[in-house]
There are 2 protein chains.
Amino acid sequence: MASGYLVRQGDRCDTVSVLLDGYCYGQKDDGEGNCQIVSLAISGDVIGLEHLYLLTTDHNVRALTTVDVAMIPLSAVQQLSASRPAIAHALGIHQAINHAIAREWIVNIGARDGLRRVAHFLCEFAVRCDAWRSDTAAGYELPMSQEQIGQATGLTAVHVNRMLKTLHAAGLIERSWRNVVFSNWEGLRDVACFSSDYLHPGRQVPAPGYRTV
Amino acid sequence: MASGYLVRQGDRCDTVSVLLDGYCYGQKDDGEGNCQIVSLAISGDVIGLEHLYLLTTDHNVRALTTVDVAMIPLSAVQQLSASRPAIAHALGIHQAINHAIAREWIVNIGARDGLRRVAHFLCEFAVRCDAWRSDTAAGYELPMSQEQIGQATGLTAVHVNRMLKTLHAAGLIERSWRNVVFSNWEGLRDVACFSSDYLHPGRQVPAPGYRTV
DNA sequence: TTGTTAGACTTACATAGGTTAAGCAGACTT
DNA sequence: AAGTCTGCTTAACCTATGTAAGTCTAACAA
């Protein structure tokens, strides 16, 4: 529905949002005009869980596409969490996974070279969207400009373009406009050293039995 | 007390630790032998809060110095959180701040050049340790080798050395061995574009009134 | 039709930072 | 005291990535 900023750095925030449809990204200024993308949110993600704990936001949240968002007053989330511990626990899991993704981004930007960085970024996006399961020929749409991919990976748009071309030349991906097809998923995953462990798929800690009886 | 690993990547973890004394760091492998430092813990920090939510760990936690750690069984933390909502809330705040620090590290590594990266790292460490308040002449001890600073900032040890020398030449810091003195705190902060906002000092969201009566 | 814009794509060139190698100092062993 | 280690330091060289500038296309507006 909305487009543009959902949250602004420095804001006092009193809502938690659920992204019903579309894509958003978190962004921080480095203090000299450069912007770094620090997170990505896809349909179903909860945005701004930290508002439950921190009075002001330290980063912007912006829409990448047209989005559909449910904004829930903080007090409602607090009441819900208090009365339904299982929901509080689920929010905690969500937050912990987002934190794990941030750690992996630090590794990606800090330790990998350009090619592996872009490859890893593509892998993560695909797995998070479940796109890699679907018909490979169909591919998926990456709703970001090369400039934005650069801001997420700590590279310039020019270099992102080079790396995408290299991945294509290596027969790992096919592309047209923003559509990406994995011609060789295994190969791409190997280049990126991608493992989905940090996304913590599968089981998490079950909600402890709060004996309120 | 202990030295070496506190937690290993892939472990099933059933304790939460409180770092009573010393320094620890979080570390992840990039899949090709390079190690990236993804977090730092100082005295008073709680380590492994994500174990409340995730069954396995996605990163190592290692001691940087001799450390004194209290390891608390997960079940005890769960019980404490259930019976004392204010404590659960405090843990949430702690976790949210750690997440905010991770975001800032992404910005630091992804958007800043070597000099500003190292400067920012020094600023963050100093502020987190409160060292910048104390007698500037005394300085503080940074318990990391230049190799480790490099792993935290995404640079090589050689380049960290160059940057430290440059910061010294600019009259911003003095050093001898691992002792760092801020000869010009304002100057260093400006170079780094450091603002402590992301550490969320001061007030956070007060614990909501859980009416259990 | 013409203009305007945003983004993909390319080339030529510049440089920050990586690599390798070596010297040196302090701490620890034997 | 000789040997070994780790970490700091410096220098020479190299390359991955950034910078600047331009072309091309698609979409859109007047």
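First the proteins, then the strands, lettered A, B, ... as listed; each starts at 1.
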Would you kindly give the [atom1]-to-[atom2] distance between [X] and [N], to the nearest whole Å?
X: K165(B); N: dG7(D); atom1: NZ; atom2: P; result: 21 Å
X: H159(B); N: dT17(D); atom1: NE2; atom2: P; result: 14 Å
X: Q148(B); N: dG7(D); atom1: CD; atom2: P; result: 7 Å
X: H168(B); N: dT9(D); atom1: NE2; atom2: C1'; result: 13 Å
X: D113(A); N: dG18(D); atom1: CG; atom2: P; result: 12 Å
X: M163(A); N: dT17(D); atom1: CE; atom2: C1'; result: 8 Å
X: W177(A); N: dC24(D); atom1: CH2; atom2: C1'; result: 12 Å
X: R112(A); N: dA16(D); atom1: CZ; atom2: P; result: 18 Å

Does dT9(D) have OP1 or OP2 under 4.0 Å away from a side-chain N or O of N161(B)?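 Affirmative; the distance criterion is met.
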Does dC8(D) have its OP1 or OP2 closer than 4.0 Å to a side-chain nitrogen or oxygen of R178(B)? yes
Please list, chain by chain and in numerical order, all residues satisfying side-chain contact (heavy atoms from CB on, under 4.5 Å) with R203(A), sequence neighbours excluded. L55(B)
With a 4.5 Å limit on heavy-atom distance, are the side chains of [X] and [Y] in contact?
X: Q27(B); Y: V38(B); answer: no
X: Y140(B); Y: D130(B); answer: no
X: P143(B); Y: Q148(B); answer: no
X: Y5(A); Y: R8(A); answer: yes
X: R162(A); Y: V158(A); answer: yes

Closest of dA12(D), dC8(D), dT9(D) to the R162(B) side chain is dA12(D)
Locate the shortest heavy-atom distance separating A100(A) from Y198(A); write the atom from each residue and the value. CB-O, 3.4 Å
Assess whether side chain to side chain contact (heavy atoms under 4.5 Å, CB included) is satisfied between N60(B) and K28(B), documenting all intermediate values. CA-CA 6 Å; N60(B) 303 312; K28(B) 268 194 99 163; over 6 Å; no
Heavy atoms under 4.0 Å, any strand shown: does G154(A) hit a base, just sugar-phosphate, or nothing?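 The residue G154(A) makes sugar-phosphate contact but no base contact.
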Select base, sugar-phosphate, or nothing to describe what R117(A) touches, counting heavy atoms under 4.0 Å on all strands. nothing
Along DNA chain C, first and last positions that approach a heavy atom of chain B under 4.0 Å: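 Under 4.0 Å from chain B, the extent on DNA chain C is dG17(C) to dT20(C).
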Which is it for H89(B) and Q204(B) under the side-chain hydrogen bond (donor to acceptor under 3.5 Å, both in side chains) test, yes or no, and what are the steps along the way? CA-CA 10 Å; H89(B) 190 74; Q204(B) 286 92 31; over 6 Å; no
Which residues in residues 25-40 of chain A have at least one heavy atom lying under 4.0 Å from any atom of DNA chain D? none
